[in-house]
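Just the heavy atoms: all of them, side chains too, but no hydrogens, waters or symmetry mates, feed the values below. Predicted model, so just to flag it, every value in this text is computed and none were measured. In what follows, residues are counted from 1 in the order of the sequence shown.
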Amino acid sequence: MSVKSVAKDAEEILLATDMIELGARLQVLQAETSLSYDRLARLYREIRGCSPPKGMLPFSVDWFMTWLPNIHSSLFYGVYKFLDTHTPAKKARALIEAYRLYLEQAITDAGNAADGPVLSFTRAWMLVRFFDSGMLQQSRCVTCAGEFVAHAHDPDHDFVCAICRPPPRAGKTRARQSAVCNP
């Protein structure tokens, strides 16, 4: 008979609570903690006041390659990598702290505050998983020398980022157009 540690249980509940508050889905919580599905669902309902969302997690690396998500993902992953490497926060804790720092920067954009951040917590978690599995890499821009999210094994000797070479219609969304037309 195994002895369950109360301290370990409390630590996992605090970890799950932090992730739920940041918007983690139930599948993320199950992967990062050893708490049962039922306990996680009850905790989710207690914190959010509603049932956890159903459905599949986003699974395509291509989402991270479009211009705005690439910029936000690159910012987040740079912060995550720094925290995971240079601080006592590791893996899930580094993810939580990096996402909080990302939110501080993402929400300061006045046009983005109403829509929420570009990168959700679940997508940030998937990004880290894609890097861990070798599906993504960081490539250095030859123009600005910043490191950006790119497909793994893509040649990066002449990589130019989405900031230095934005697509022609970058920033011309319907929401932004209506905000300009109707102040």
Tell me every residue that passes ring-ring contact (aromatic ring centres under 6.0 Å, His included) with Y77, counting only those two or more places apart in sequence or in another chain.
Y80, F131

Within one Ile-Leu-Val-Met-Phe-Trp-Tyr cluster: L15 and L101, side-chain cutoff 4.5 Å
no

Check Y99 against L119 and note the closest heavy-atom contact, atom names and distance.
OH-O, 2.7 Å

Output the distance between atom CE (M135) and atom CZ (F59), rounded to the nearest 0.5 Å.
10.0 Å

Verify the neighbour count for atom CZ of R48: are there more than 12 heavy atoms of other residues, nucleotides or ligands below 6.0 Å?
yes

S74 vs E147, side chain to side chain donor-acceptor pair (under 3.5 Å): CA-CA, chis, key distance, verdict
CA-CA 7 Å; S74 299; E147 291 193 351; over 6 Å; no

So F148 and I163, do their side chains get closer than 4.5 Å, heavy atoms only?
yes

Taken to the nearest 0.5 Å, the spacing of R123 CZ from L127 CG works out to 10.5 Å

Compare every heavy atom of P52 with every heavy atom of L26, then report the nearest pair and how far apart it is.
CD2-CG, 3.7 Å

F159 side chain reached by C164 side chain, heavy atoms, under 4.5 Å
no

In Å and rounded to the nearest 0.5 Å, what is the CH2 to CZ distance from W125 to F130?
9.5 Å

Taking the side chain as every heavy atom from C-beta outward, state whether L95 and D84 have any pair of such atoms under 4.5 Å apart.
no

Are side-chain heavy atoms of M19 and T33 found at a separation under 4.5 Å?
yes

Any side-chain heavy atom of I13 within less than 4.5 Å of one from K8?
no

Sub-3.5 Å donor-acceptor pair from the side chain of K54 to the main-chain atoms of S51, do we have one?
no

Does any part of the side chain of R100, heavy atoms only, come nearer than 4.5 Å to the side chain of D18, both counted from C-beta?
yes

For the hydrophobic clusters of this structure (ILVMFWY residues joined by side-chain heavy atoms under 4.5 Å, transitively), does one cluster hold both I47 and V28?
yes

Is there a donor-acceptor contact under 3.5 Å from the side chain of N70 to the main chain of V149?
yes

For S139, which residues count as a side chain to side chain donor-acceptor pair (under 3.5 Å) partner, sequence neighbours excluded?
Q137

I need the L43 CG to T17 OG1 distance, nearest 0.5 Å.
4.5 Å

Enumerate the salt bridge (Lys or Arg N to Asp or Glu O under 4.0 Å) contacts for residues 20-33, please, sequence neighbours excluded, ordered by first and then second residue.
none

Heavy atoms of A24 and L29 approach each other most closely as CB-CD2, 4.0 Å

Which residues pass the side chain to side chain contact (heavy atoms under 4.5 Å, CB included) test with R42, sequence neighbours left out?
D38, R39, R45

Testing the basics here: between C141 and V160, what is the closest heavy-atom pair and its distance to 0.1 Å?
SG-CA, 3.9 Å

Is a side-chain donor or acceptor of R140 paired with a backbone partner of A145 at a separation under 3.5 angstrom?
yes

Run the side chain to side chain contact (heavy atoms under 4.5 Å, CB included) check on M65 and L136 step by step: do they pass?
CA-CA 10 Å; M65 299 306 132; L136 293 175; 3.3 Å; yes

Under a 4.5 Å side-chain heavy-atom rule over Ile, Leu, Val, Met, Phe, Trp and Tyr, are L83 and V128 clustered together?
no

Identify, with sequence neighbours excluded, every residue that meets side chain to side chain donor-acceptor pair (under 3.5 Å) alongside Q138.
K81

F76 and L103: side chain to side chain contact (heavy atoms under 4.5 Å, CB included), yes or no, with the steps?
CA-CA 9 Å; F76 165 78; L103 285 178; over 6 Å; no

Might you confirm whether atom NE2 of H153 has over 12 heavy atoms from other residues, nucleotides or ligands at distances under 6.0 Å?
no

Quick check: closest heavy atoms across D62 and H151, and the distance to 0.1 Å?
OD1-CE1, 3.2 Å

For the backbone of G55 and the side chain of Q27, can you confirm whether one donor and one acceptor N or O come within less than 3.5 Å of each other?
yes

Those residues that, when tested against R129, pass side chain to side chain donor-acceptor pair (under 3.5 Å) (two or more places apart)
none

Tell me whether E12 contacts the main-chain N or O of S34 through its side chain, where contact means a donor paired with an acceptor under 3.5 Å.
yes

Test side chain to side chain contact (heavy atoms under 4.5 Å, CB included) on V118 and Y102; report intermediate values, then the result.
CA-CA 10 Å; V118 171; Y102 161 74; 3.9 Å; yes

Would you name the heavy atoms of W63 and P69 that are closest together and state the gap between them?
O-CB, 3.4 Å

Less than 4.5 Å apart, side chain to side chain, heavy atoms only: is that true for T122 and P58?
yes

